[in-house]
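Only this structure's heavy atoms are used, side chains among them; waters, hydrogens and symmetry mates stay out. Computed from a predicted model, the values in this text were never measured in an experiment. Throughout, numbering of the chain's residues begins at 1 and tracks the sequence.
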Amino acid sequence: MIFIGALGAFFLATAATLVSDMHGIGDWFISSLEGGKYALNPAPIYGAPYKIAGYFGEPLLIISIAMLTVGLYGSWLKYHKTIALIAMVIGILYILERVFWSYVTTNFANSIQIHPIINDYTVLKQAGFLKGLGALFGGLIGGFGFSIALTTLFFTLQNPFGIAGGLIVIATMLIGMPAKIYFMDHVTPAVLTIFIISMVIKNFGIIFMGVGLLKESMK
């Protein structure tokens with residue numbers, strides 16, 4: 001079961017890269033055009049990255065998180081560490097949050113693509129609010145809650161790969177989330193670049209955690 005969790009972490013790193021990149025690309029174009037008071041023309045093209053993230057990236061994320069959660073259950077059975085059980089519960093909550101985020105992402109894509117041209121960006125206000133809410137819950141539950149619980153577990157197991165991976169994830173989330181929030185009101189290539197790089201580095205941290213679980217499965 002722990003081996004399944006390790007595979008889930010590796011898949012999670014790949015799926016998370018796809019989702020964050022699609023959101024980054026979409027947000028960049030829409031925020032830039034809105035800031036310059038340009039229309040989305042043709043609007044359906046600008047919804048494509050969110051559709052890819054919602055219909056393809058998010059299901060992969062949900063499956064990989066489920067696999068990682070199975071690994072945590074296996075870790076609890078093997079070591080009887082309470083933190084493993086806590087991390088497993090947070091993992092289940094994270095799966096539910098990703099289901100919600102999948103919905104709000106596809107809803108945002110559909111809200112864009114039902115219009116041939118968008119001149120008035122207020123038509124995206126409600127869908128954009130839900131998308132932002134999904135991102136907030138994702139950051140709190142997955143980015144911090146799940147990562148902190150996993151890192152704590154690796155500390156109790158004295159697993160150096162898992163500890164390093166967890167600390168990388170937490171550090172990059174502390175950089176990436178404020179950068180993304182700042183970007184929404186200050187559209188600059190530098191801020192978007194910081195966000196994308198932080199998310200890429202975060203995924204290397206997830207890989208390290210996967211290696212940590214792999215080592216635990218071999219003990």
Asks: Considering non-hydrogen atoms only, spot the tightest contact between Ser111 and Ile114 and give its length.
Replies: O-CG1, 3.5 Å
Asks: Report all side-chain donor-acceptor pairs from residues 155-173 shorter than 3.5 Å, counting only partners two or more places apart or in another chain.
Replies:
| from | atom 1 | to | atom 2 | distance (Å) |
| --- | --- | --- | --- | --- |
| Thr156 | OG1 | Leu153 | O | 2.5 |
| Asn159 | OD1 | Phe161 | N | 3.2 |
| Asn159 | OD1 | Gly162 | N | 2.9 |
| Asn159 | ND2 | Gly212 | O | 2.8 |
| Asn159 | ND2 | Glu216 | OE2 | 2.8 |
| Thr172 | OG1 | Ile168 | O | 2.8 |
| Thr172 | OG1 | Val169 | O | 2.9 |

Asks: Measuring only between side-chain heavy atoms, which start at C-beta, is Leu68 closer than 4.5 Å to Leu12?
Replies: yes
Asks: Please report the closest heavy-atom contact between Met22 and Ala53, naming both atoms and the distance.
Replies: CB-CB, 3.9 Å
Asks: Any side-chain hydrogen bond (donor to acceptor under 3.5 Å, both in side chains) involving residues 5-14? Give me the pairs, sequence neighbours left out, ordered by first then second residue.
Replies: none
Asks: Would you name the heavy atoms of Gly74 and Met1 that are closest together and state the gap between them?
Replies: CA-CB, 3.8 Å
Asks: Is it true that His23 and Trp101 have ring centroids separated by less than 6.0 Å?
Replies: yes
Asks: Above 12 or not: heavy atoms from other molecules or residues under 6.0 Å from OH of Tyr73?
Replies: no
Asks: Could you check whether any side-chain N or O of Ser217 sits under 3.5 Å from a backbone N or O of Leu214, counting only pairs where one atom can act as donor and the other as acceptor?
Replies: yes
Asks: Tell me whether Lys78 at atom NZ has more than 12 heavy atoms from other residues, nucleotides or ligands lying less than 6.0 Å away.
Replies: yes
Asks: Answer yes or no: is there an ion pair linking Asp27 with Lys131, defined by an N-O contact shorter than 4.0 Å?
Replies: yes
Asks: Mind checking whether Val104 and Leu133 have side chains closer than 4.5 Å, heavy atoms only?
Replies: no
Asks: Quick check: do Ile112 and Ile30 have side-chain heavy atoms less than 4.5 Å from each other?
Replies: yes
